[in-house]
Each structure stands twice: as structure tokens, then as C-alpha cells.
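In what follows, a single structure is set out as C-alpha cells and then discussed.
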Amino acid sequence: MLEGRRISYEDDGAPTDCPPKAGETRTRRRTLMMGIRETHSKSEQQTQPDEKSPEKQQIDVETLRKRSRQEYLMMREKKKLEQLINDVEDQEYLFQGVDLTSEQRLKRQICDLVGKKIDCSKEYRIPESYDGNRRKGFDAALQRYTDPDPDPAWEEHQFGKAIMKHQKKNCDYEFVFEHQIDSVKTELIDSGDRIEEESPLPELENEKKNLPIYAYKEQLMKAVDDHQVLVIVGETGSGKTIQIPQFLDEAGYTRRGMIGCTQPRRVAAMSVAARVAREKGVKLGNEVGYSIRFEDRTSQKTVLKYMTDGRLLHEFRQQLRKEPILASYSVIMVDEAHERTVNTDILFSLLKDVTRARPDFKLIISSATLDAIKFSDYFDSAPIFTIPGRKFPVEILYTRAPEPDYLAAAVATALQIHATEEAGDGDILVFLTGQEEIEAAEVIVSEKIRKVGTKMAELIICPIYANLPSEVQARVFDPTPKGARKLVLATNIAETSLTIDGIKYVVDCGFAKMKSYSPRVGMESLVVEPITRASANQRAGRSGRTGPGKCFRLYTAYTFANELDENIVPEIQRTNLGNVVLTLKSLGVDDLLHFDFMDPPPAEALVKALELLYALGALNKRGELTRVGEVMSEFPLDPMLSKMIVASEKYGCCDEIISISCMLSVGNSIFCRPKGKEILADNARRSFHMGDVGDHIALLNVYNFWKDNNFSSQWCYENYVQGRSMRRARDIRDQLERLVARAGIPLLSNVNDLDAIKKAIASGFFPHSARLQKHGDGYVTVKHKQNACIHPSSGLAEVCPRWVMYHELVLTTKEFMRQVTQLKPEWLLEVAPHYYKVEEVGI
DNA sequence: GAGCACTGC
């Protein structure tokens, strides 16, 4: 997106924007606005006082000033001309055949007189969208910060302009040209979120009746009565999640069974259930309950049950042999269906089957976006019921021209808002793509703020992203002090997962990081991509929660309308399907290629997943689930991790293996590396790796040391380990311990035989083996012949054993293997004789 | 010698 577009700025701050001309190159023009002060100070810096006399120095300074002024004027002339030419071309392109105004004709004449075009080679630095070429996509993402021609003056100017506008009287900025992020107000949308969420108890009844959904209660109940499947489109804020299950309860559906409502996130399931319990005046866990991983707050009495989608999927598996399926439910409502998580996608098909088997069963699919027609088509033309949301209007502003550097533009816009809108009337939320970007923005903003001093109201910068320590995260929820303003710099976490009160202004950069997966080599990467229209509206809605809001989109209205995708690519189409296939097989789905997916995943990915499961012994030659596969499917882990646990029985080291599994499954957020303490953190990390034991054993050491220190937070702090990740690992481990007991695998410990532990790991991870290349330059994976290096964070990065197995292969700046352990090639033949030939392992 | 959006069982 945003490619093939042309931009030009005018000094009156009215840039024009037009579609690209055919054959135009990708070279873009951008005129940088320079201030006189800036030029002067630069020229002054050039006059270094050598050993010359003071008089001579004085003359030199004068000459240099003069020369500098001349250079500046020449440059200015060039730039003005360039603007003029751009302007004329734009006008002529836009109004082809239309008689030009006199002003335009004059401009044209000047251009003709000059008779030449000025070469400008300022390029856009917008990341290219992911186009299937992983390398290119990633390079583009990386390019973002490496400005080929950094120009602080431009940003300086952006900010200066904003200050000027606000404080014209005592302005000490002198700018010749004026430019700021110029936004066009094009629309006013209704968008919002659950406004009613946090209201005090006494007002509940009244407020409930004011909800838009309340007016539709009877129609809605009739629709549910008349149709087995109903698609509900209700913008967030309509109260559907909280009210519909209660309506169904009042209508008597709970007499036939529970009403279940699925959510993609744990927090949502918990908080919504708590809210409904309050509204009904019952104790949470009795009539109203929730069920999520690690926590089941339901009882015999529960009739309204909120749960995560994964949890319902789990119930499907447990109830498989019972008839009829899901007999304890009379209604299931799949909420936030538009998010299209892997779990909801699988549920769609399973629930569709249930509706066919049980005519008394009701299914409600609830979505916030207009892809309802797709849902309706999938469920045999189910009727669509639309509920308006109750929310405050949000004013949407687009840039007139595409912004070449969204980070700079986001910072400039945020500061403009701060300078021009009265402090105290609302906070600012800026959406960026990741931690690095947020940190960069934080540095720039605080620098600017420092320069301005006390001329402006206080601006409190709050970064927020998932990997941020929770203490720092909590700061974002502190109420803003009077007379100050909060500037929240957030990733997508603020789009759905958490809601910050008091936001009135949203700045949307238009990009987000997306995971993509290559089934061929089994490699993952994170790529910056344009967001979808649905996502853009969700972001905008974050500003209209408590009052009318404003959303500044750092892209043009044209881009929004024509270049953004309407909806997200379902996760099932861009992920490793190992677990999905194992789950479906355990649910008795035999023919996966013809399974009724709403959007089928790529066949190649399905085939790769089947091959992997066959290699792991989870499926037999006919593609049926084996005994091993059944046991594996019981574990909430990736198939290779599950296999490792099953195999640990043979090596008598189940205790160690489940510790390693839980550490691996919390991901790569175990260690932290605070700014300025990188070396200390790296040393701490290395200390777990004594004896070059490999990263898996190092993770085991971390867990065991933490446990020996009574699971202490202090210990985490001292060893640069993230307490939150460790507590999560412990929760997972507890769960695994129960599941292992149920599977009848004895919890034996064999901590002194590292080879036994490594063999158990190899039993699951043999497909991820790699050998050092002959000339010592990196590794190549044994099966797919993929070149890769050991990730520098690995304890084995400098050891370079001849054979290794890795947990995952990721593409960042290079292909890296993360979490690596040394391997003896003969183990491959021992644990997977069906997978490796003797020649391959070089024995 | 590098860099991790967000979920979930």
C-alpha cells in the first residue's frame, strides 16, 4: 500500500495528493522544510577557531555567513521551484481538460520559463507490504529506522509549527516555510466500545434499559426462536456480550441447558462474567461463571457460562464419546467471531455439525464487522440481525498526502495535539508496531518536551506493550493529574486486549506486526504490514469511549478506502497447523483436506502437518490417530513438545522434560535485558549454561534454581529473569504434571544423566536437526537443507557443535535457530529410524 | 553478535 503515490507540500500548508501517473518511477519527491535558525546555527558550527587571529576569524565568520546565506537562498529557490512544478503537475493531472485558473496559468508560465525539471530523489521509507517474498518483506521492515538522510530539522519544524500555532505571541521560532502534518476531516463515524462496562451497581438497572440492545430485545428473542442459527452484527458498545445471554435466560432457554458464550481472550471471559454476575446480583461462580485455562469458576448451578474459545474446543474433545454432543448446552454464542482465531474457526465447523444433529440447539455468531454475510453464507444463509452501538461520535482525520515516515509523523501529530488542544480534556493514544519503535518514539518526544520546557502543559509518556514488566504496564492506568496529559504509546495490545480510560485522541500509524509462517521450511517471521479497515475502525473507536473523540490516521482517505484489506487473513491460514491437525484428528475428523473450513488453510501446510504427525508416530500410515497420538493430543502443547513428554517415560526423566516443556512454551520472554545493563544480563544468562549444556538444559536450570529459591521474585530480579513468565511456566508445569499423571507416565527424575534428557528431547525434535557446514560457516538443516545460524542469544552460539537440534527456526535479520542443544547423530537413528537414513546422518 | 504484534489449551 501507499506505493505508487506522489506527494508534494506547499508552503501554505496545503499539500496536494493525486494518484500515480502511469509509468512513473518509485522515486518520490519530498521537500524538506528548513528554518533559518537551523541554517544559521549550522553555518556557525563550521567556523572553527583555529590558530587564526581574532580579526581574521571575524572576517571568516562574516564570509562564511554570507556564503551560507547564499547557499541557503539557492537551495530555497530550488525548493520553491520544485514545489511549483509539483503543484502544477498535480493540478494538471487532477483537472485534465479543465481550464486552469489564472493563478495556475501563471504558475505554468513560470515553469515553462525555467524550462527544466528538478531532480529530487527523496524516497519514501514506508515498509513494503508482505508480498510473499519473505526476505524482501523483512528487509523493508528493517529499513524503517535506517534513514539514509536523517533530517532532524524536519521534525524540529513539525513541532515548532505546533508550538507557534498555540503561542503566537512569545514565539522564538523563525521558520520560513510552514508545514505540519496536515489532516483532512472527511468523516464522522460511530464507533466505540463497551461504554457501560465499569458503571457502579445502583445505576445498573437503569443503564441496562438505556442500552440500544434493550429496544431490540423482543425482536431478537423472536429471531432466536424462529431460527436455529443467527448472525448478530453488533458494534462493541451495543451490550450484546453481556445482555444477550441474560435475555436468553429470561426467555427460558436455561431450562433446557446452559448458555455458553465464547471469547477469544481470558480477561474478557473473566470480566464479562463478573459484570453479568453483578447485574444479576448473584455470586460469581454460581449461576454465572467462567471457565478458562488454570481456572474454572463454574458449579452445578451455573447456567450462564463464559469461556475462552479454546476451552469450548477442549470440552468438545472430552464429550466426544457422549451423545448428543454438547448436551449440557441449549445455546452457544460465539462472540468476537470477526477476530477469526484458529479456535473459533475450528468451532464454526464443529458447531455447524451440532446444529444438524440437534434441532433444539441454538447457535449465535456475533461479530463486530460487516463480514456477517460470510458467516451467514457459511451457516446455510442464516439471518443477520444488526444492533446499533451506543457510543460517542469519532471524528476521523486523514493526512492529505501519504506520510513518508510514520514514526516521525506520529510523534509530530501527537505533539501537535498536545500543543493545540487544551490539556486535561483528554489523553492521547498512539498506535505503533513494536517495542523498538515505541522506545524510539519515547526518546524523541521526551527530547522535544525537554527543549520546550515549561511553556507547555506536562506530558506524561506511557509506553505499553506485552513484554513490558507489569509494574511499568500498570502506570498506563494511573489517572492523569490535573493540567497534565497522558501520551500512551502502544502496540496492538491497546486495540483489543486492554482498554485505557480517558483517551480522546487516537493516532493510528496504519501498520501492525503480523506473524507469517512458511510451511515448506517450517520457519516463522514477524513482518510489518498495513492494518485492515476493521482494525483501523477498532483503533478509532478507542477514542470515543467516554466522550466524542478524534482519530488521526497517518494515511490518506484514498488509502483507507482502496488499499487496505477489509478483514484480517484468518490465523488458520498463516500458522503452523501441527496442533490444529492433531486436535481435529483427536476429534475424529479423518478427511482434513475436505473438512468444512470457512477459509481452508493452504493444502501444503496441511500436508506438512500430517507428515510431521506421522513422523512423530501420532498418526499411522492410513492417517489414523495412534495410541501415542491420543496421549499427545491431551497435552496443551505443540506436537513436538508433547512427543518429547511421551518419550520421556522411556528415559526416566519426565520431571525434567515437563520443566523444559513449560519453559519452552512460555516463549522467548524468560530473560530480560534492561537498557544499560545488557552485559550484566548476558552474564547472568550465561551462568545457567555452565558446561555448555545447551539451551534446553539451561532453561531447566533456570526453573530449578527459581524453585530452589522458593519461586522468589527477588531471585528473578537479581538474575534478570522475568517473574511473570516464570509464574506462567509454573502454572503450565502444574497442569502438565496432572496430565502426565492421567496419561500414566511416572514422574521420574534423572537429572544426572543429561544424555538421557537430550535423547528424550531428540525423540520430539528430531525433525529439527542441523549440522555444521563443512567450511564451518553456519549450519544446514538435515531434512530441508535450509541454511541457518545459531541465534546469538544461545549459549552454544560460540561453541558451534557439529550436530544440533533446535526448538524453532525464525527469520529476522537472518535465519536463526533459537533454543539449541548439542546432538549425537547416532541418536537420530535411535529415536527416528523411520525418518533418517544412515547416509543422512553421516555414520 | 541480535531484537520478540497478540492470543489460547
Side-chain angles (χ1 to χ4, degrees), chain A residues 138 141-142 145 262-269 291-296 307-318 336 339-347 431-440 464-468 490-498 509 511-516 524-529 531 535 538 568 571 574-575 579-580 582-583 586 633-638 641-642 662 665-673 675 678-679 681-682 685 722 725 728 731-732 735-736 738-739 789-794 797-798 808 810-818:
Chain A
F138 192 74
L142 271 188
Y145 301 119
T262 71
Q263 296 289 321
R265 277 170 294 279
R266 295 160 53 89
V267 196
S291 175
I292 57 178
R293 189 184 187 180
F294 310 132
E295 212 181 338
D296 186 355
M307 62 197 128
T308 46
D309 45 15
R311 202 66 185 203
L312 182 62
L313 204 52
H314 190 242
E315 282 189 24
F316 256 102
R317 294 237 309 273
Q318 291 183 326
E336 317 283 355
E339 290 194 27
R340 303 295 306 275
T341 64
V342 170
N343 288 338
T344 36
D345 267 27
I346 298 174
L347 281 176
F431 282 103
L432 295 169
T433 66
Q435 175 177 351
E436 201 185 342
E437 216 165 77
I438 287 173
E439 282 168 359
I464 186 150
Y465 43 87
N467 256 344
L468 200 69
T491 59
N492 253 0
I493 195 171
E495 194 179 300
T496 47
S497 303
L498 54 88
C509 74
F511 291 93
K513 278 190 187 168
M514 294 281 280
K515 193 167 79 179
S516 73
E524 285 185 343
S525 53
L526 271 176
V527 181
V528 175
E529 287 189 69
I531 58 170
S535 185
Q538 176 75 21
I568 195 164
E571 191 188 358
R574 48 185 175 87
T575 191
N579 228 350
V580 173
L582 188 59
T583 305
S586 74
S633 72
E634 291 295 312
F635 294 107
L637 299 168
D638 276 343
L641 288 168
S642 308
C662 71
S665 73
V666 294
N668 42 14
S669 55
I670 301 278
F671 298 99
C672 55
R673 223 173 158 237
K675 266 208 178 100
E678 286 88 350
I679 294 167
D682 288 351
R685 184 174 182 150
Q722 298 230 40
S725 302
R728 188 173 154 73
D731 284 342
I732 297 173
Q735 191 186 23
L736 291 179
R738 286 196 300 275
L739 292 170
C789 294
I790 295 182
H791 196 274
S793 66
S794 164
E798 280 146 34
E808 58 182 357
V810 290
L811 174 68
T812 52
T813 48
K814 272 200 284 196
E815 293 87 356
F816 283 116
M817 298 180 284
R818 266 206 294 240

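Each chain gets a letter, A, B and so on, in the order the sequences are listed, and its residues count up from 1.
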Measuring from the side chain of Asn668(A) (C-beta onward, heavy atoms only), which nucleotide among dC6(B), dC4(B), dG3(B) has the closest atom? dC4(B)
Ile493(A) side-chain proximity, nearest of dG8(B), dC6(B), dC4(B): dC6(B)
For the pair made of CG in Asp345(A) and C1' in dT7(B), what is the distance, rounded to whole Å? 14 Å
Rounded to the nearest 0.5 angstrom, the CG-NE2 distance for Asn343(A) and His314(A) is 11.5 Å
If you write DNA chain B from 5' to 3' in dot-bracket form, with Watson-Crick or G-U pairs under 3.5 Å, [ ] for crossing pairs and | for pairs with another strand, what do you get? .........
Which is true for Arg293(A) with a 4.0 Å heavy-atom rule: it touches a base, it touches only sugar-phosphate, or it touches nothing? base
Output the distance between atom CZ (Arg574(A)) and atom NZ (Lys515(A)), rounded to the nearest 0.5 Å. 8.0 Å
Whole angstrom value for the distance that separates C1' of dT7(B) from NZ of Lys515(A): 9 Å
Side chain of Ile292(A) - closest among dC9(B), dA2(B), dA5(B): dC9(B)
Could you tell me whether Thr308(A) contacts a base, only the sugar-phosphate backbone, or nothing, with contacts defined as non-hydrogen atoms closer than 4.0 Å? sugar-phosphate
Answer with base, sugar-phosphate or nothing: what part of the nucleic acid does Ala512(A) contact at a heavy-atom distance below 4.0 Å? nothing
Taking any heavy-atom pair under 4.0 Å as a contact, classify Ile732(A): base, sugar-phosphate, or nothing. nothing
Counting N and O atoms only, with roles assigned by atom type, does the side chain of Ser725(A) sit under 3.5 Å from a partner on the main chain of Ser669(A), one being a donor and the other an acceptor? yes
Which part of the nucleic acid does Phe635(A) contact within heavy-atom distance under 4.0 Å: base, sugar-phosphate only, or nothing? nothing
Any donor-acceptor pair under 3.5 Å from Arg317(A) side chain to Ser633(A) backbone: yes
Selection from dC4(B), dC6(B), dG8(B) that lies nearest to any side-chain heavy atom of Thr491(A): dC6(B)
Does a side-chain N-to-carboxylate-O contact under 4.0 Å join Glu437(A) and Lys513(A)? no
By nearest atom, which of the nucleotides dC6(B), dG3(B), dG1(B) is closest to the Thr813(A) side chain? dG3(B)
If each of Arg574(A) and Asn579(A) is mapped to the nucleotide of DNA chain B with the nearest heavy atom, which maps nearer the 5' terminus, i.e. the 5' end? Arg574(A)
Nearest whole Å is fine: how far is dG3(B) P from Ile438(A) CD1? 18 Å
Of the listed nucleotides dA2(B), dC6(B), dA5(B), the one nearest the side chain of Asp682(A): dA2(B)
Have a look at Arg673(A) and say if it touches a base, only the backbone sugar-phosphate, or nothing, with a 4.0 Å heavy-atom cut-off. base
Output the single nucleotide from dG3(B), dG8(B), dG1(B) whose closest atom is nearest the side chain of Arg728(A). dG8(B)
Approximate separation, where rounding is to 0.5 Å, of Asn492(A) CG and Leu432(A) CG: 10.5 Å
Check: Gln722(A) side chain, Cys672(A) main-chain N or O, donor-acceptor pair, under 3.5 Å: no
Can you check the Tyr465(A) OH to dG3(B) P distance for me, whole Å? 17 Å
Grab the CZ-C1' distance between Arg317(A) and dG8(B) for me, whole Å please. 13 Å
5' priority, DNA chain B, between Val267(A) and Arg818(A) [closest heavy atom]: Arg818(A)
Test of understanding: with ring-ring contact (aromatic ring centres under 6.0 Å, His included), list the residues that count as partners of Phe816(A), not counting sequence neighbours. His791(A)
For dG3(B), does OP1 or OP2 lie under 4.0 Å from any side-chain N or O of Thr812(A)? yes
Once you round it to whole Å, what is the distance between C1' of dC4(B) and CZ of Arg685(A)? 11 Å
Going by side chain to side chain contact (heavy atoms under 4.5 Å, CB included), name the residues that satisfy it together with Asp345(A), two or more places apart in sequence or in a different chain. Arg340(A), Phe348(A), Pro570(A), Ile572(A)
Take the protein atom CD of Glu571(A) and the nucleotide atom P of dA5(B), then report the distance between them rounded to whole Å. 16 Å
Gap between atoms CD and P, on Glu678(A) and dG3(B) respectively (whole Å): 15 Å
